[in-house]
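Chain A is the first sequence line, chain B the second, and so forth, proteins listed ahead of strands; every chain is numbered from 1.
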2 protein chains.
Amino acid sequence: MSLAADQPTLYKRIRADIEKCILTGEWPPGHRIPFEHELVARYGCSRMTVNKALSELAQADLIERRRRAGSFVRRPQHQSAVLKIADIRAEITALGRAYGYELIHRRLRAATAADRDRLGVRKAGKVVAISCRHSADKVPFAIEDRLIDLSSVPDAATADFSREPPGSWLLHHVPWTEAEHTISAIVADERTAGALAIPVGAPCLVIDRYTWRSARTITAVRLLYPGDSHRLVARFKGG
Amino acid sequence: MSLAADQPTLYKRIRADIEKCILTGEWPPGHRIPFEHELVARYGCSRMTVNKALSELAQADLIERRRRAGSFVRRPQHQSAVLKIADIRAEITALGRAYGYELIHRRLRAATAADRDRLGVRKAGKVVAISCRHSADKVPFAIEDRLIDLSSVPDAATADFSREPPGSWLLHHVPWTEAEHTISAIVADERTAGALAIPVGAPCLVIDRYTWRSARTITAVRLLYPGDSHRLVARFKGG
DNA sequence: TTGACTTATATGTCTAGACATATAATCGTA
DNA sequence: TACGATTATATGTCTAGACATATAAGTCAA
């Protein structure tokens, strides 16, 4: 047993030391951090060790490295935040509430002009259009309107969406994808109000999500949440 | 002039090759990627070069490295997205529209119980409470209600918020911070409707942002946008 | 079958060098 | 003064090793 506390590796200590100076504001944006050779002298290690620490800080956008000039503290990237968007079933069960799912309708059809527009494709063959409702402890939680491009996900034609929500099914059947979310607010119309069991005119949060994988559109979905009960939480670091 | 295209460095090529296999789905989540020594043999380079490529993929959460077992494709982290939240002035000017700013009121006071609650602190000394309006081409764009903790940002007591929006001022005077955003929807009450020039009952998008720096609360702000005209866009990669 | 011990192995970290390359700074010239 | 060439230097990448360490897998005993 050693008296010394469990020490992180040297490069992690170097990285942490520098990170601390940046995060406390001691080294403001634009500040030049010590040259590699200075850190080598200070920590008594090889340049590769210092380089690894600085490379990771650069990869994390905390510093900018310029040849011949040195490494500089970057100004915070205040325009980005990490928004947690969980799978609805996982979200509800994580809250310890009973998840309920109900398929409202499912239609297989040749893509209409409106479908193509929604999916952002010029031409599409067949699509599946799904409407469903998610509930937590039997209380309506969200309404989902989804379109799946069957030319990208042919298996979706035969999937049983009466038991498994399409979002969960897609997560397990379609690998790595990219997505774009658009968040807005509306007031509930009659149909929405009925489905969510809220008054007409009540505020709703709308998430439009458009998902693709390497230039192939997969699905477009609109999620409607009661605006006063649902919250999206985003956290970020930096400015 | 060389015939060969401008080649990236070897470790970048290795990283890109592996990334491609993951992103195309060729190597699904859980798939074991080749051992370092296999990649060393395949690319004819030293282990450090391969290690650098794999370390970066691990840092980007694309793979998981397990001692003795190997490196594995991680299952996509579908619960997070990058939400772009620009400084309002920057956002409006980026759209090529004329930015307008108007201070509605500014009060310096000892923190009330409600203020402390909003800032999430047990005790606070003085605070500045600010209400202001942002507009684009003279059309109301957003209403801002802000509280600044003067014990964290004493300079805010004397800053001239009649000319510069508090958000921009803070960005330039307070370094690296962390924040949490909560997004919800409401319908406009009378005061909000008047300030945003929209009908009472119209949908509004609400962003509550709470900002701190290393455990010190800095500011809490509520932004109200007309829900049908404003959109938050978030993009993400993975699942 | 289970648990404890041993071993093999893949990754984690590090060294002391090397050469490449972009560019800030200097110097020289028009 | 302005511009172009040169030089110095910090970072970028890479090598061929080394030892550390966590752990999967195999071994053996209870």
Closest non-hydrogen atom pair, W212(B) against T217(B): CB-CA, 3.8 Å
Rounded to 10 degrees, the angle between the two terminal axes of the helix from dT1(C)-dA30(D) to dA30(C)-dT1(D), each from five pairs: 20°
T182(A) vs Y210(A) side-chain heavy atoms within contact, under 4.5 Å: no
Working for side-chain hydrogen bond (donor to acceptor under 3.5 Å, both in side chains), residues S184(B) and Y225(A): CA-CA 9 Å; S184(B) 57; Y225(A) 297 86; over 6 Å; no
Heavy-atom pair of closest approach, residues H181(A) and I207(A): CD2-CG2, 4.0 Å
Closest non-hydrogen atom pair between I14(B) and T49(B), with its separation: CD1-CG2, 4.3 Å
Residues within residues 45-60 of chain B bordering DNA chain C, heavy-atom distance below 4.0 Å: R47(B), M48(B), N51(B)
Ring geometry between H134(A) and Y99(A) (parallel below 30°, tilted from 30 to 60°, perpendicular above 60°): tilted
Six-ring centre of F72(B), R66(B) cation under 6.0 angstrom, axis tolerance 45°: yes
Range on DNA chain C touched by chain B - first to last nucleotide, heavy-atom distance under 4.0 Å: dA8(C) to dC14(C)
Carboxylate-amine/guanidinium contact D137(A) R97(A), below 4.0 Å: yes
Ring pair (Phe, Tyr, Trp, His ring centres under 6.0 Å) against Y11(B), all qualifying residues, sequence neighbours excluded: none
Salt bridge R209(B)-E144(B), side-chain N to carboxylate O under 4.0 Å: no
Trace of the side-chain hydrogen bond (donor to acceptor under 3.5 Å, both in side chains) decision for T219(A) with R146(A): CA-CA 7 Å; T219(A) 184; R146(A) 186 185 290 271; 3.2 Å; yes
DNA chain D contacts among residues 33-42 of chain A, heavy-atom distance under 4.0 Å: F35(A), E36(A), H37(A)
Salt bridge (Lys or Arg N to Asp or Glu O under 4.0 Å) partners for R133(B), two or more places apart: E102(B)
